[in-house]
Each structure stands twice: as C-alpha cells, then as structure tokens.
Amino acid sequence: MLFGHELAWKEQDIYDEIYENSIQNFNEFWAFHSKDIAFSRQPSSIFDKATGKWLSGAAGNICYNCVDKHAIATPKKPAIIWHGDLPGERELVTYSELLNKICSISSILRLSGIKKGDVVAIYMPMVPDAIAAMLACARIGAIHLTIFAGFSPSALAYRIEMSNAKILLTYKKASRSGKTIDLLGNCQKALSEIKGKTPKILVLDDEDIYLNVSINRDVVECDSDDNLFILYTSGSSGKPKGIIHSGLPFLLYAATTFKFIFDAKSDDVYFCTSDIGWITGHSYIAYAPLFQGLSIVIFEGNPTYPSPDRYWDIIENESVTLFYTSPTALRTLQAFDENYIKSRDLSSLRILGSVGEPIDEKTWNWFFEAVGKRRCPIVDTWWQTETGGIILAPLLDLKRQKPCVVGKPFFGIAPKIIDAKDEFSLGRLTITNKWPGMCSSILYECPEDIGACVNIFNKNYLKDGLFLTGDGAFYDTDFDIKVTGRLDDVLNISGHRLSSAEFEDAINKVRGVKECAIVPVAHEIKGQAAFAYVVKSDNVSDEELRNEIASALRSGIGPIARPDFIAFVHDLPKTRSGKILRYLLKDIAANKQCTIKDLSSLCNKESIDNIMAETRRCLNGI
Ligand code: WTA
C-alpha cells in the first residue's frame, strides 16, 4: 500500500491515493513514517483508541534525533546560520558545534538541579543559543516554555508563575532595529511581580556561567507521553492558555508534514522568519528542519532595518532554497521600491511558504511574481499552536497554483466544515479524527488541577467528538479549502495571536475606565488591528486616558498590543443578561449595516447611534 512517494505532495493522483490510504489505514500510515525516528524502545501501538495515546510504549530522545544523529554523520555541515540586527553580523554553527552548545547548556541545567519533567522558561532573542537551549531541555527531558522576547515583564511573570518554571534562561540584551532591549532587566522585573517561589535566572551570554562546568553528553530516555514543551497562546476566552505537546508524537507529525509539504531534502537551505516564541519557531525551526538534517537560517533583526532588503540579502548570500514567512512581513515589504528586490539574485529559491494569518490576493501575487518569479510554488499553510504542525496546504504544483487557498488536508487528517448553508458556503472548520501532532493537554489558571484543565480543554475545543478550530472556512469549486480567519474573540495582529479578553483585562485596570470591549478591524499591513470601545467612569480627558490605556497595554502585554483605535462611548451594546455583543461592535467597526436580527437581542438600543458616530470619528481620525 502506498504511504509515501517522491511526488506525494506534487501530483494530484498520487496525493489522492496516499490520502485515501492514510485515512482508511491511519495506523499503518503513521507506523510507516514513524520508522524515520530513532527510538530506544519501539512503540507497541501507534494510536491507542482507549487511552487516546500515540506511540504507546515507545521511548527515545528528541535532541538525539535532531542533532546527535547528524553530528555523528555530518559534523561539519552547517546546522544554523544566524544573521543579526545589522548587515554583516553572521554566525555559522555546524552540527558538531551545535551539539557542543547544547551539551554545555544541558550540563548547566543539570548542575542547577533540573531533572526530567521540570519546566525551564526561555526568554531569548533569535540566536543559535535559543535553539540550543530548547534542545538542551529536550536532551535532559525538561519541559521548555519559550516566551517571545517582545512580551512585557508582566506577561512573562504570568507565564512563569502558571507553569511553575524552575529556571529562567535569558540573554543580557537583544538588539532590534538598532535599539537595545534589556532582557535581563525585564526578567528581574518579572520576578519581582511573582508572589510565590521564583525561578533562578541563568544568563547564557555571560561567559562565566560556562566556567568549570564538566560537560555531560548523556541523553535522557523519554517515553512517548513525556512532555516536550508548553507554549502559551490566546484562546477565545480568559487569559492565555499553556498548550502542552508531548515529544515523540509531536516530532513524528512535525517531521512528516515538513518532509512532504516543503519537499525537504537534506541539501536544502531553509530560512524561516518566525521566532522561537511562537509555534512555527518550534515545529518548523527548532525541530522538523534539524530532524531532517537541513541547514537553517535564522534572523534576529527587523526585515526593514536598516533597509528593506534584509530578507533578499540573506536569501541571495546564503542561497536559500526554502523560504517560510508571514503575510504581515510580505505586506510590509511589498510597499517598498521594487529595486530592493530586483537587484538581488533569488534564483536559489525553490519553494515559498506563508503562515499565521490569511494572505490577501495582492500580497500572494506579489510573493509569487516578485519573490518567486513565477517559478516557485507557494504553500499557504494553515495550522495552529494546538495542532502541532500543518493541517492544510496546497500541493506543490505550479500549474495548479491559486492565490489564497490553503488547499488540501495533510495525510491522515479528515477536516469537516460544519454549519455551512450549502456545500460551498462559509462554515466552521473542524477536524473529525486524531493525529499525532495534536496537543496533549493545556495549562490554565490552576495548573495542579489536571482534571480542571482537561475539562477546560474539552469545553473549549471539542464538540460531538469534533475538534473545533475557531476558524471560518469554505470549499471552492475544486474542493480546495479557503480559510477566512477566526470566528471567535481571538485577534490576529501581524500574525500574533491575542484575545480580546487579554486587551480588556489590561484596559479595565486603568483608572477612569468603567468598562471596555475590543474588536478586530481590517488593517492594510497588520491584517487586523485592535479597535477599543471604552466607557469612562470619571471625567478624565480623552487624551490622558488614551495615553494611560496605551501604556497599560504595553506593560500588560507588550509593544505588539498597541491599539490603533480608541473610541470613548456612553455605553456598550449588551444583552438583557449583561453580555457584551462584540459581534455588533465588530460589524459597526467594519462599517457593516446591523440587521434587525442582530439588534433583537440588544437591550440598550439607544447606545448604537452614539457608538456609530464615535466609530466614524475614530476611523476618520477626527
Ligand atoms: C490563523 C500559527 C489563514 C488562524 C501557526 C489560526 C491562518 C491561527 C493561517 C493560529 C493561514 C494560521 N491562513 N489563517 N495559512 N495560518 N492562521 O496558534 O486563524 O499562532 O486559528 O498558530 O492563525 O495561530 P497560532
């Protein structure tokens, strides 16, 4: 039975045959691909229906699979090529050097008392040491929790406290657009906000911590349900949730999707512009590409600093073959003079990828023509932190390229669009079956209470056995899937996933604010921007309150949470039971007409005229 083929993700007929086989015989399909992994103990079953567990009985080590294996076979091959904030700042780390870095960090962690199952927080810039730190945790069975270095001390404190991290790994500083970010200072501030026990800080760019450390090269054997990492992400309600992934099943899914969808070969040079603070930086920077033994290019800076040709310069100089980026970055770059890109030789490129948010047609066409010169297929990959790896992506077939279509389900994935009027209408995207990349659990509020966490997971994500993605989608006439974005209260600002609840929490703490509601509005560059509707409690001036709100968001979440619009209104639209009708505000902010049906559940109809007037004032910048 066919489970793999060189043309599996290229030719429709071969894709169809493997897809059918993978759905009918999904145990055999995943057993076939799990042979790529070096286990120290083979799995006794692939998927155990009774327990819901993948690769039961198996054991192995993720770091061994991603690094040691290549450090033995191809020690001199570049593993990571780093480019810094300024052009010319470059560091090349071979597989054998990467292994040395990892073993130094894992030895320091061991010396600090870290054992299998302990949580280690990582708050670092995009440097080779950050990836080495993740793999060092994997090596000793510790669970890593990376926190995006753009998050504020308060956001960092919340994540550390909730996950009970024992160590916090950081750098003294990060450089971005010529500015220095005081990471160590942020860590110290974060710890001062934590009430209970605080983790010890280890500064990895401080040479002294490596002195007198005897390097231990052992790897710890991990079972298939031992956890590899926690990553916080925003849900449709409440505070960010810690999504937990177990190691071996996650690796199986990330590596198999990467192999097919990016047609990854060991001589590829792969450049992904994401950050280790997000899931893409886990699945498709730290794990799958290294597992396949590729050379990966990482970039610490800003694509437009000091000039908007940083990506093109890196692609040209490193002969990048696979380039994976975000619609926001592309929207920003296409606004600049075309000579920045025309003067560069991008002929090494083979495949282009996009992730994080819906890509619009204009940007897709520019990506295809200006960057790929109509030679490179674009994979618009749809997935989530929870899914561990890509769920939907178009085939790598130049003849069948269509803008903005995420296309086909990955092998072994059976999606279903529910609540749609008919076959081709917008509905809710769900997944009907199980796959190895699915997160194993979540951490929320009371991490010790596993039962409560399981309940929250079930309530948030499952309905009648279906996995609810929270996104809207529809089929086009070729039965390819198009995803339109979130249907719930999650905002997607520049590909950063933030919930309205997080914004509202931070704003409600400001003196002078009685209540507020946040909704997304379309934004030319960022995809979405935040529109804040605020009811005042005191007679504070608009200007003063605007500044207070902006600073509360900066310190509560981080610079990414800058609100683009703040409207001061008399009242928020509510139901009789006091629930804020955000969808009404969303329509008003998008300049859509409210229908009578919308207004029928509204108990304070008189609020609407004032909200509409203030929205217009705000959008017109008056
Ligand atoms: C959105 C990022 C349209 C979607 C990997 C999803 C996309 C959320 C796409 C997950 C895409 C991601 N087209 N929308 N190709 N990729 N999204 O957890 O709304 O940070 O639910 O994972 O991003 O964001 P997360």
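In each ligand, atom 1 is the first atom listed, and ligand 1 is the first ligand listed.
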Trainee: Any nitrogen or oxygen of T385, side chain or backbone, less than 3.5 Å from one on ligand 1?
Mentor: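 Right, the criterion is met.
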
Trainee: Under 4.0 Å, heavy-atom basis, I'd like to know which part of E357 is in contact with ligand 1: side chain, backbone, both or neither.
Mentor: backbone

Trainee: Any idea which atoms of ligand 1 are less than 4.0 Å away from a heavy-atom of V355?
Mentor: 5 (C)

Trainee: With a 4.0 Å cut-off on heavy atoms, is W382 touching ligand 1?
Mentor: yes

Trainee: Hey, is the main chain of S494 close enough, under 3.5 Å, to the side chain of H523 for a donor-acceptor pair?
Mentor: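 Judged by distance alone, no pair lies under 3.5 Å.
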
Trainee: Mark up the atoms of ligand 1 that fall under 4.0 Å of a heavy atom belonging to N492, in ascending order.
Mentor: 1 (C), 23 (O)

Trainee: Just do the ring pair (Phe, Tyr, Trp, His ring centres under 6.0 Å) check on F411 and W30 with the steps written out, would you?
Mentor: CA-CA 9 Å; F411 300 129; W30 288 114; 9.0 Å; no

Trainee: Should one rank A393, S283, G356 by closest heavy-atom distance to atom 16 (N) of ligand 1, which comes out on top?
Mentor: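 Among A393, S283, G356, the closest heavy atom to atom 16 (N) of ligand 1 comes from G356.
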
Trainee: Give the ring-plane orientation class for F467 versus W435, where under 30° counts as parallel, over 60° as perpendicular and anything between as tilted.
Mentor: perpendicular

Trainee: Within the 4.0 Å heavy-atom shell around I279, which atoms of ligand 1 are there?
Mentor: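 So the atoms of ligand 1 that pass are 2 (C), 5 (C), 22 (O).
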
Trainee: If you count heavy atoms of other groups shown closer than 6.0 angstrom to CZ of R562, is the number above 12?
Mentor: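 Not more than 12 within 6.0 Å, no.
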
Trainee: Decide whether an N or O pair under 3.5 Å exists between Q384 and ligand 1.
Mentor: yes

Trainee: Nearest protein heavy-atom contact for atom 24 (O) of ligand 1: which residue, which atom, what distance?
Mentor: R497 CD, 3.4 Å

Trainee: Write out the residue and atom name of the closest protein heavy atom to atom 19 (O) of ligand 1, then the distance separating them to 0.1 Å.
Mentor: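 The closest heavy atom on the protein side is D471 OD2, 2.7 Å.
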
Trainee: Between the side chain of S152 and the main-chain N/O of S555, is any donor-acceptor distance below 3.5 Å?
Mentor: yes

Trainee: Taking NZ, NE, NH1 and NH2 as the nitrogens, is one of them in K239 or E161 under 4.0 Å from a carboxylate oxygen of the other?
Mentor: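 Not counted as a salt bridge, because no side-chain N and carboxylate O are separated by less than 4.0 Å.
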
Trainee: Below 30° counts as parallel, above 60° as perpendicular, anything between as tilted: where do the rings of F262 and F258 land?
Mentor: tilted

Trainee: With respect to E386, determine whether any N or O atom, backbone or side chain, lies less than 3.5 Å from an N or O atom of ligand 1.
Mentor: no

Trainee: Just one of K402, R400, K482 clears the salt bridge (Lys or Arg N to Asp or Glu O under 4.0 Å) bar with D476, so which one?
Mentor: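 Option passing the salt bridge (Lys or Arg N to Asp or Glu O under 4.0 Å) with D476: K402.
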
Trainee: If you have a sec, work out which protein heavy atom is nearest atom 3 (C) of ligand 1 and how many Å separate them, to one decimal?
Mentor: P358 N, 3.2 Å

Trainee: Counting non-hydrogen protein atoms only, what is the nearest one to atom 10 (C) of ligand 1? Give residue, atom name and distance.
Mentor: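 Result for atom 10 (C) of ligand 1: W383 O, 3.6 Å.
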
Trainee: Mind telling me whether W54 and F26 have parallel, tilted or perpendicular rings, with 30° and 60° as the class edges?
Mentor: perpendicular

Trainee: Please state whether G470 comes within less than 4.0 angstrom of ligand 1, counting heavy atoms only.
Mentor: no

